[in-house]
Amino acid sequence: MPVFHTKTIEGILEPVAQQICHLVIMHEEGEVDGKAIPDLTGPVAAVQAAVSNLVRVGKETVQTTEDQVMKRDMPPAFIKVENSCSKLVQAAQMLKADPYSVPARDYLIDGSRGILSGTSDLLLTFDEAEVRKVIRVCKGILEYLTVAEVVETMEDLITYTKNLGPGMTKMSKMIEERQQELTHQEHRQMLFNSLNTVKQLLPVLISAIKIFVAIKSTHSAGVDEAERNRCFTFEKMSAEISEIIRVLQLTTWDEDTWA
Amino acid sequence: DAGEMVRQARVLAQATSDLVNAMRSDAEA
């Protein structure tokens with residue numbers, strides 16, 4: 001089961017996570033006991049600068065976003081990263097005084113882990129906001145699909161198709177991009193399948209509306225059946241888009257719990 | 001700017017990686 005939710009986050013955090021993991025093992029197995037750790041002021045200063053930049057950009061993002069969940073969730077991650085960085089600075093100072101300091105070593109490991117965890121929280125919070133953008137577009141499509149019920153003339157149908165088309169294209173593009181980003185294979189496949197179904201149903205829906213409008217305008221027999229067919233296609237599309245919204249919000253842990 | 005957040009996170013991850021490497025290499029040496 002993938003540890004990181006998206007390829008972007010995985011690409012950023014996987015390498016350093018492995019290194020910290022190895023360091024912790026060395027530490028726990030006593031491989032570093034009795035060994036001097038030289039001056040780490042330089043590398044710690046680099047981390048400090050990077051934390052400062054990340055938090056600055058993060059705070060700018062929080063100030064400009066309209067996403068209230070991100071405004072609420074991101075600040076704790078800033079604090080976690082900043083506190084972890086303080087531990088690293090303190091550890092470097094302690095090591096300068098005593099290169100064999102065991103507490104300093106603990107601080108280094110805790111600080112590194114905290115940086116990793118805080119950065120992961122930041123990236124996940126940001127990623128969840130990106131997902132909410134996709135979901136907003138999906139919900140817009142769901143809403144516009146309901147307008148199919150009131151299309152009763154060919155002019156209405158032309159307008160409806162002109163409006164629905166670009167929205168569907170945008171939704172499809174966003175979902176395809178998201179699908180590529182996911183590390184969880186089952187979630188990718190679920191998104192792919194549902195989106196495929198929606199794409200296939202779109203022309204079917206337009207056709208069903210067209211038949212309904214044609215029969216209704218000529219007062220021919222079969223209006224009810226045409227209406228049922230239109231409703232059936234509309235409901236299938238809505239169900240698939242709702243499934244897409246559900247899957248977009250799944251995380252690896254949900255899958256584990258379900259399993 | 002979506003990309004800027006990710007860029008800065010990448011820089012931080014690399015800086016942390018460099019720090020951990022500095023700690024590990026001396027320990028291993």
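Letters go in sequence order (proteins before strands), and every chain restarts at 1.
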Q: Could you tell me which non-hydrogen atom of M5(B) sits nearest to which non-hydrogen atom of L54(A), and how far apart they are?
A: O-CD1, 3.7 Å
Q: Could you walk me through whether E4(B) and Q8(B) pass side-chain contact (heavy atoms from CB on, under 4.5 Å), step by step?
A: CA-CA 6 Å; E4(B) 185 59 15; Q8(B) 293 301 333; 2.8 Å; yes
Q: Quick one: pull up OG1 in T169(A) and NZ in K199(A) and give me the separation to the nearest 0.5 Å.
A: 9.0 Å
Q.
I need the T61(A) OG1 to M74(A) CE distance, nearest 0.5 Å.
A.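 Result: 6.0 Å between the selected atoms.
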Q: Anything in residues 111-119 of chain A with a heavy-atom distance to chain B below 4.5 Å? Please list those residues in order.
A: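 S112(A), I115(A), T119(A) fall under the 4.5 Å cut-off.
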Q. Is there any residue in residues 41-52 of chain A with a non-hydrogen atom under 4.5 Å from a non-hydrogen atom of chain B, and which ones are they?
A.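 Residues P43(A), V44(A), A46(A), V47(A), A50(A), V51(A) are the ones that qualify, each having a heavy atom under 4.5 Å from chain B.
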Please tabulate, for side-chain N and O atoms in residues 82-97 of chain A, each donor-acceptor pair with protein atoms closer than 3.5 Å (sequence neighbours left out).
unit_1, atom_1, unit_2, atom_2, d
N83(A), ND2, I79(A), O, 3.4
S84(A), OG, K80(A), O, 2.7
S86(A), OG, E82(A), O, 3.0

Q. Does a side-chain N-to-carboxylate-O contact under 4.0 Å join E243(A) and R246(A)?
A. yes
Q | Pairing of K139(A) and E143(A) as salt bridge, 4.0 angstrom limit | A |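 Salt bridge: no.
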**Q.** Heavy-atom contact with chain B under 4.5 Å, split by part of V55(A)
**A.**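 Nothing of V55(A), per the 4.5 Å heavy-atom cut-off to chain B.
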Q. Which bit of L123(A) comes within less than 4.5 Å of chain B, counting heavy atoms only: side chain, backbone, both or neither?
A. side chain
Q | Distance-only side-chain donor-acceptor flag, Q18(A) / E14(A), under 3.5 Å | A |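 Checked: Q18(A)/E14(A) side chains pair up, N/O donor to acceptor below 3.5 Å.
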Q: Could I get the full list of ring pair (Phe, Tyr, Trp, His ring centres under 6.0 Å) partners for F192(A), not counting sequence neighbours?
A: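 Partners of F192(A) by the ring pair (Phe, Tyr, Trp, His ring centres under 6.0 Å) criterion come out as none, since no residue qualifies.
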Q | Atom CZ of F78(A) with >12 non-hydrogen neighbours under 6.0 angstrom | A |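 Above 12, so yes.
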